[in-house]
Chemist: 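One structure coming up, written as structure tokens, with questions to follow.
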Amino acid sequence: MTPATADSLANKYFENRVGQEKSLEEYYKKIKAATNAVVAFEFYQAEVYLLTQIRASIMQQIPTYGQVEAARKNR
């Protein structure tokens, strides 16, 4: 992986996270308008928790770049 590739991947990740946060904020506002801020914040907390768990599960299944490189060198 080149520095340029790593930088490109990181920037795409950041863009994706910003988009997700905007979506969560949009739904927070809709839920708050329909109910109240406490219910909306509970929604936000639950969504962030679930997203974190899902991301962690996915990341545990994917080898890091360093692990791939080490495996390739050991062949």
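For reference, positions follow the sequence shown, starting with 1. In what follows, every heavy atom counts, from backbone to side chain, and hydrogens, waters and symmetry copies are set aside.
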Chemist: Going by an N to O cut-off under 4.0 Å, is there a salt bridge joining Arg17 and Glu21?
Modeler: no
Chemist: Would you mind checking if Glu25 and Lys29 are paired as a salt bridge, meaning a charged N to carboxylate O distance below 4.0 Å?
Modeler: yes
Chemist: What's the separation between atom CG in Leu50 and atom CZ in Arg55, rounded to the nearest 0.5 Å?
Modeler: 11.0 Å
Chemist: Could you walk me through whether Lys22 and Glu26 pass the salt bridge (charged side-chain N to carboxylate O under 4.0 Å, His left out) check?
Modeler: CA-CA 6 Å; Lys22 285 183 181 181; Glu26 179 182 319; over 6 Å; no
Chemist: For Asn11 and Asp7, indicate whether the former's side chain and the latter's backbone hold a donor-acceptor pair under 3.5 Å.
Modeler: yes
Chemist: For the CD atom of Glu47 and the OH atom of Tyr27, what is their distance to the nearest 0.5 Å?
Modeler: 10.0 Å
Chemist: Between the main-chain N or O of Ala70 and the side-chain N or O of Asn74, is there a donor-acceptor pair closer than 3.5 Å?
Modeler: yes
Chemist: Between Leu24 and Phe43, does a side chain to side chain contact (heavy atoms under 4.5 Å, CB included) hold up when you go through it step by step?
Modeler: CA-CA 9 Å; Leu24 287 172; Phe43 154 79; 4.3 Å; yes
Chemist: In Å, rounded to the nearest 0.5 Å, how long is the span from CD of Glu42 to CD of Gln45?
Modeler: 7.0 Å
Chemist: Could you check if a side-chain atom of Ile31 sits within less than 4.5 angstrom of a side-chain atom of Tyr44, using non-hydrogen atoms only?
Modeler: no
Chemist: If we ignore hydrogens and angles and just use 3.5 Å, is the side chain of Ser8 paired with the main-chain N or O of Ala4 as donor and acceptor?
Modeler: no
Chemist: Check whether Tyr49 and Phe41 end up in the same hydrophobic cluster, where Ile, Leu, Val, Met, Phe, Trp and Tyr are linked by side-chain heavy atoms less than 4.5 Å apart.
Modeler: no
Chemist: Taking the side chain as everything from C-beta on, heavy atoms only, tell me whether Leu51 gets closer than 4.5 Å to Val48.
Modeler: no
